[in-house]
Asks: 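There's a structure below that I have some questions on.
Numbers restart at 1 for each chain; the letters A, B, ... are given by sequence-line order, proteins then strands.
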Protein chains: 2
Amino acid sequence: MAKYANVSVATVSRVLNGTGAVADQTKKAVLAAAQKLGYSPNLLGKNLRQKQTRVILVMLSSLANTFCSKVVHGIEKEAVKNGYNIMICATEDSRKSEETYLNFVRNKMADGIIILNSTLTEEEMKEISSAFPVVQCSEYVDTQTTPYVSIDNRAAAYDAVSCLIHSGRKKIVYIGVANDLISSRLRLEGYRKALEDNGIAFDESMLLFGNYGYRSAMRAVNNFLKKNIFFDAVFAISDRMAAGAISAVRQSGRRIPDDVSVIGFDNTDITYMFEPAISTVAQPQNEMGEAAFRMLLSRMQEEMPKNIILDHKLILRNSN
Amino acid sequence: MAKYANVSVATVSRVLNGTGAVADQTKKAVLAAAQKLGYSPNLLGKNLRQKQTRVILVMLSSLANTFCSKVVHGIEKEAVKNGYNIMICATEDSRKSEETYLNFVRNKMADGIIILNSTLTEEEMKEISSAFPVVQCSEYVDTQTTPYVSIDNRAAAYDAVSCLIHSGRKKIVYIGVANDLISSRLRLEGYRKALEDNGIAFDESMLLFGNYGYRSAMRAVNNFLKKNIFFDAVFAISDRMAAGAISAVRQSGRRIPDDVSVIGFDNTDITYMFEPAISTVAQPQNEMGEAAFRMLLSRMQEEMPKNIILDHKLILRNSN
DNA sequence: TCGTTTTCAGAAAACGTTTACATAAACGGG
DNA sequence: CCCGTTTATGTAAACGTTTTCTGAAAACGA
């Protein structure tokens, strides 16, 4: 390419990057040559030399999680605004996969990473956080070293359950997921606190568990129904589980929301497609993504941003 | 690192890659040093030298499209099996974004790309296909130069509509999307052919259009209902649009499937969560992904694979 | 013991850029 | 006309690897 245009590689670089002075005539020659040869500079060389790629990774466990999609969109918008590009890595919660993608940034193929969810322990998170720029978004482990943006999951669950209670419900089933995610823990805490604050005894047998999915909740509620324990409300930590609960409850002949009130979580599309439309807790996904990117940006500039907690919002539809 | 272990960089490389002979003692020393320093080789250097990254890109328009998620999973599985990693690029149908991600592979930050959907024209597809390895998956433009794996969309639509006809339906509404995607075109053709083959006149006024989403279909059907044109079935090219159609039809007091039969497309989660469960056309998403990766692999080895058409399957539930 | 092979490890080139430095030509002011 | 400044370009180092060559030492075989 350089030889073809009869200039040095330095000049080619200068022309293509618009850096440094170069005569109009040679500039034209270089551009013409580039055009003719279909030349396009090798990013590996460029990034190696410049010690940056302007690529950041977004790690999430599954694409099927529609909640994440809006968060990612927020990240992307802010990234592009700042001249960065994002690449999405779906780990399916595989350790090996997580390791692989973390190594991409450890090994300089990307400048930083935003983790939406992972199976990383506090120790591991600390380790990688000291090795390269990382921020957490939505889910997080609370080390002092890895900043995060999220909502107050405890308060969100508290609000949802309180809403159920204030409309007269007293026997409230909780449908969660038996994992270690911070959201699971805090939402259960919020549920529990709402009960306590309203003088309702916490009852472990009212806790059901699934895997965020429709079918798992349906199964759990069906099993629960067999026990003939009275209940008049359900708080589910995902909308799909709320939908599953509604279906199971209905099949048993009970009416929604008259007999059983239901509130879900995340305000995903299913909430308005379902009949009845599902009441839910909305998170500011876009802002969360935007904030996450801004935090990563400052981390990449060697600053340590403060954690951010954004506001959630209870959205009431027809299931409660 | 090399200095720290008192060896040359060449030896470090040999130890870390297990290539070439190196004495046990030095091997240990190098590994110890790497451990101590937390050394991890720079992939930019490595990839630059080796002229390959073992990364492939998967381009899709939106993460929110749950159909894609299973395809991507199939791709990933096959990729990992072959020592490759995938990165997902969501373009949101932005030309700029598409261009950016294509440039990643043009500029050697990735070895190849699988395009699930894009706004590329035939000309553009040809151009990039001659510049680097690319295959299309699910959606495609039919150039002779860019291989694809997909289903026979025309036959799939034909089967669905025929099924409606054989159960006695004669006035069948088509709900599609007014875009240039091959699937849109072929499914409409299949719809039309099924009518013709069964002696039913094609009627342009039975064609409705939306944007794949629930609400758009609901709106379209509501408008259609106002016209008071009789119909007894709906074929929608997405499950969400099928769901929207069902809701609209029901609100008008008609029963599903007694008064109106509905069949959707893609066999997404909504089909079994919805009441009634939605009949649909299933695509072999996993196999499609796997096939796509294998095709890309052979393209990266300078072979030109043949196009692949996989089998679809009509899945009957309670909406027809 | 002497040649021959094998084992080990370093030196240096190569990958494709950017960029600091050098230098030659053009220019302008006195 | 001379000298300092600007402009335009090339040279070469640097980024961090892998890999080819090369050579020294060790092992081996006769």
Side-chain angles (χ1 to χ4, degrees), chain A residues 1-55 83 85 100 103-111 131-132 300, chain B residues 1-34 36-55 83 85 100 103-112 131-132 300:
Chain A
M1 160 64 189
K3 326 143 203 177
Y4 183 89
N6 279 321
V7 298
S8 71
V9 291
T11 302
V12 172
S13 172
R14 279 187 281 254
V15 171
L16 264 36
N17 294 296
T19 143
V22 30
D24 261 14
Q25 191 182 3
T26 39
K27 187 180 294 187
K28 279 205 187 92
V30 169
L31 290 176
Q35 176 72 27
K36 189 136 318 173
L37 300 184
Y39 171 81
S40 192
N42 181 310
L43 280 180
L44 291 169
K46 171 176 185 145
N47 294 339
L48 175 61
R49 171 64 218 236
Q50 301 194 140
K51 290 163 166 288
Q52 71 159 347
T53 63
R54 296 195 86 82
V55 168
N85 292 105
T100 303
N103 279 340
F104 269 100
V105 21
R106 195 194 305 278
N107 300 344
K108 308 302 182 204
M109 281 287 281
D111 295 344
F132 49 83
M300 292 191 296
Chain B
M1 159 65 188
K3 326 143 204 178
Y4 183 88
N6 280 321
V7 298
S8 72
V9 291
T11 302
V12 172
S13 172
R14 281 188 279 253
V15 171
L16 265 36
N17 293 297
T19 142
V22 32
D24 261 14
Q25 192 180 5
T26 38
K27 188 181 293 187
K28 279 202 187 96
V30 169
L31 290 175
K36 189 136 316 173
L37 300 184
Y39 172 82
S40 192
N42 182 309
L43 280 179
L44 291 169
K46 171 177 184 144
N47 294 339
L48 175 60
R49 174 61 219 237
Q50 302 194 140
K51 291 164 168 286
Q52 71 158 344
T53 62
R54 296 195 86 81
V55 169
N85 291 105
T100 303
N103 279 339
F104 269 101
V105 21
R106 196 194 306 277
N107 300 344
K108 307 303 182 205
M109 282 287 282
D111 295 344
F132 50 82
M300 293 191 297

Asks: A/N103 has an atom CG; how far is it from atom C1' of D/dT17, in whole Å?
Replies: 16 Å

Asks: Could you tell me which non-hydrogen atom of B/V15 sits nearest to which non-hydrogen atom of B/K27, and how far apart they are?
Replies: CG1-CG, 3.9 Å

Asks: Tell me whether B/N85 contacts the main-chain N or O of B/V55 through its side chain, where contact means a donor paired with an acceptor under 3.5 Å.
Replies: no

Asks: Produce a footprint string for nucleotides 10-15 of chain C: one letter per nucleotide, 5' end first; B if the base is under 4.0 Å from any protein heavy atom, S if only the sugar-phosphate is, - if neither.
Replies: BB-BBB

Asks: So which heavy atom on B/L43 is nearest to which on A/M109, and how close?
Replies: CB-CG, 3.4 Å

Asks: Have B/N47 and B/T53 got a donor and an acceptor in their side chains that come within less than 3.5 Å?
Replies: no

Asks: In whole angstrom, what separates A/Q52's CD from D/dG16's P?
Replies: 14 Å

Asks: Nearest 0.5 Å please: distance from the CG atom of B/L44 over to the NZ atom of A/K51.
Replies: 10.0 Å

Asks: Output the residues of residues 22-33 of chain B in contact with DNA chain C, where contact means a heavy atom of the residue under 4.0 Å from an atom of the strand; sort by number or write none.
Replies: B/V22, B/A23, B/T26

Asks: Quick one: on DNA chain C, does A/V12 or B/A21 contact a more 5' nucleotide (nearest heavy atom)?
Replies: B/A21

Asks: Check A/N17 against A/K46 and note the closest heavy-atom contact, atom names and distance.
Replies: OD1-NZ, 3.5 Å

Asks: Taking atom P of C/dG16 as reference, at what distance in whole Å does atom CZ of B/R106 sit?
Replies: 17 Å

Asks: Of all the choices, D/dT18, D/dT17, C/dT18, which nucleotide is nearest to the side chain of A/N17 once you look at every atom?
Replies: C/dT18

Asks: Please find the pair of heavy atoms, one from B/A29 and one from B/A5, that lie closest to each other, and give the distance.
Replies: O-CB, 4.3 Å

Asks: Identify the pairs formed between an N or O of the protein and an N or O of nucleotides 23-28 of chain C at a distance under 3.5 Å, and give each distance.
Replies:
none

Asks: For A/F132, run the side chain to side chain contact (heavy atoms under 4.5 Å, CB included) check against A/M300, A/K108, A/R106 and tell me which one passes.
Replies: A/R106

